[in-house]
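Not measured: the values here are computed from a predicted model. Both backbone and side-chain heavy atoms feed into the values below; hydrogens, waters and symmetry mates do not.
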Amino acid sequence: GQLDLGILLVTMDYQLPPQFYMDLGKQFLERGQEAMAQVLFHHNGLLNENPSLGAEVADYYDRYGRFDKAAAMIRECLCGMPDDLALLTRSASYEEVTGNLPLAFRQYRRLYELSLGAMSLESAPADKGDPAARRRQQQVNAGERYSLMAMQGLLVADNPETPLPDLIRQ
């Protein structure tokens with residue numbers, strides 16, 4: 001039905017919007033056809049041109065319990081956006097959960113450094129209509145949020161014997 005029509009359009013090489021490939025890939029993933037979903041997600045360098053779409057693909061994989069694929073997709077996104085705080089957080093947490101603590105530690109440390117950089121931006125009072133000032137304030141706020149996550153991650157990745165509830169109480 002619809003999946004066949006979608007594949008027909010893809011094979012006929014029509015110019016289709018990126019979201020078409022994303023939605024079609026998601027439908028194949030829902031049916032358990034991972035190989036076809038992966039082909040669609042990577043169609044014509046789609047993720048190379050827009051790495052942020054990779055986070056959406058990782059969300060799909062997460063929903064279907066394919067955390068290994070989600071982690072791989074986030075790592076792929078990090079190649080295109082190495083300073084993205086949300087991607088670094090997500091990648092570090094995947095590495096932590098899978099037991100790759102040295103890499104998790106390095107990623108949390110990088111996250112901490114980047115978040116401190118975001119917090120150090122001048123937060124001078126600005127005109128409410130100034131988009132640059134709004135973006136700068138959003139970065140400062142994100143820096144504060146991610147620095148806390150990074151510190152918690154560093155503690156866990158550096159000493160995995162300490163249970164997380166104990167770290168939170170400290």
Side-chain angles (χ1 to χ4, degrees), residues 1-115 117-118 131 134-135 138-139 141-154 156-157 160 164:
Q2 282 185 320
L3 293 180
D4 293 332
L5 177 60
I7 291 301
L8 180 63
L9 291 173
V10 169
T11 57
M12 293 178 71
D13 212 20
Y14 277 102
Q15 293 293 344
L16 301 166
Q19 195 60 47
F20 177 85
Y21 297 102
M22 299 295 285
D23 292 342
L24 190 59
K26 180 183 174 189
Q27 289 179 17
F28 275 100
L29 199 57
E30 286 171 351
R31 294 173 185 254
Q33 296 178 10
E34 278 185 42
M36 192 61 190
Q38 218 165 0
V39 166
L40 289 164
F41 292 146
H42 288 88
H43 186 74
N44 288 339
L46 177 68
L47 298 176
N48 294 338
E49 294 170 14
N50 190 352
S52 63
L53 288 177
E56 187 178 338
V57 173
D59 290 341
Y60 295 155
Y61 283 126
D62 273 344
R63 273 187 231 130
Y64 298 103
R66 293 306 315 262
F67 305 115
D68 56 331
K69 297 275 188 184
M73 185 58 59
I74 292 298
R75 282 192 299 274
E76 193 175 322
C77 292
L78 274 172
C79 292
M81 300 174 1
D83 295 341
D84 185 288
L85 299 178
L87 290 176
L88 264 172
T89 302
R90 197 162 169 185
S91 180
S93 67
Y94 282 130
E95 298 303 337
E96 180 186 329
V97 167
T98 59
N100 191 350
L101 297 180
L103 180 55
F105 186 84
R106 286 193 306 273
Q107 288 180 335
Y108 281 128
R109 187 179 61 220
R110 176 79 176 132
L111 175 64
Y112 184 68
E113 292 165 356
L114 289 171
S115 65
R134 244 191 338 267
R135 272 194 309 278
Q138 287 171 343
Q139 286 179 309
N141 294 342
E144 291 171 4
R145 184 175 66 248
Y146 285 111
S147 69
L148 180 60
M149 288 180 205
M151 285 188 287
Q152 290 173 338
L154 283 168
V156 171
L164 190 56

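For D84, there are no salt bridge (charged side-chain N to carboxylate O under 4.0 Å, His left out) partners two or more places apart in sequence or in a different chain. Residues passing the salt bridge (charged side-chain N to carboxylate O under 4.0 Å, His left out) test with D59 are R90, sequence neighbours excluded. For Q107, the side-chain hydrogen bond (donor to acceptor under 3.5 Å, both in side chains) test picks out S91, with sequence neighbours left out. Partners of K26 by side-chain hydrogen bond (donor to acceptor under 3.5 Å, both in side chains), not counting sequence neighbours: none found. Under the rule for a side-chain contact (heavy atoms from CB on, under 4.5 Å), the partners of Q38 that lie at least two apart in sequence or sit in another chain are H42, Y61, K69. The side-chain hydrogen bond (donor to acceptor under 3.5 Å, both in side chains) search around E30 returns Y64, not counting sequence neighbours. For S147, the side-chain contact (heavy atoms from CB on, under 4.5 Å) partners two or more places apart in sequence, or in a different chain, are Y112, S115, M119. Residues forming a side-chain hydrogen bond (donor to acceptor under 3.5 Å, both in side chains) with Y60 (at least two apart in sequence, or on another chain): E56. Evaluation of the side-chain contact (heavy atoms from CB on, under 4.5 Å) rule for P17 yields F20 as partners, not counting sequence neighbours. Residues forming a side-chain contact (heavy atoms from CB on, under 4.5 Å) with L148 (at least two apart in sequence, or on another chain): M151, Q152. Applying the salt bridge (charged side-chain N to carboxylate O under 4.0 Å, His left out) criterion to R75, with sequence neighbours excluded, gives E95.
Contact of the R66 side chain with the L29 side chain is not registered, since no non-hydrogen atoms from C-beta on lie closer than 4.5 Å. The side-chain heavy atoms of F28 and I7, taken from C-beta on, include a pair separated by under 4.5 Å.
The shortest heavy-atom contact between A150 and Y108 is CB-O, 3.5 Å. The two residues G54 and C77 make their nearest non-hydrogen contact at CA-SG, 3.3 Å. The minimum heavy-atom distance linking M73 with V57 is given by the pair CE-CG1, 3.7 Å. Here the closest non-hydrogen pair linking L88 and P82 is CD1-O, 3.9 Å.
The environment of CZ in R63 is crowded: more than 12 heavy-atom neighbours from other residues, nucleotides or ligands sit within 6.0 Å.
Looking at V156, L154, N100 one by one, the single match for side-chain contact (heavy atoms from CB on, under 4.5 Å) with F105 turns out to be L154.
Taking OG1 of T89 as the start and CG of L111 as the end, the distance is 4.0 Å to the nearest 0.5 Å. Note that CG of L3 and CD of Q33 are 7.5 Å apart. Values are rounded to the nearest 0.5 Å. Residue D62 holds its CG atom at 7.5 Å from CD1 of I74, rounded to the nearest 0.5 Å. Atom CE in M22 sits 10.5 Å away from atom CG in L40 (nearest 0.5 Å).
Residue pairs meeting the salt bridge (charged side-chain N to carboxylate O under 4.0 Å, His left out) criterion with at least one partner in residues 101-110, sequence neighbours excluded, are D83-R110.
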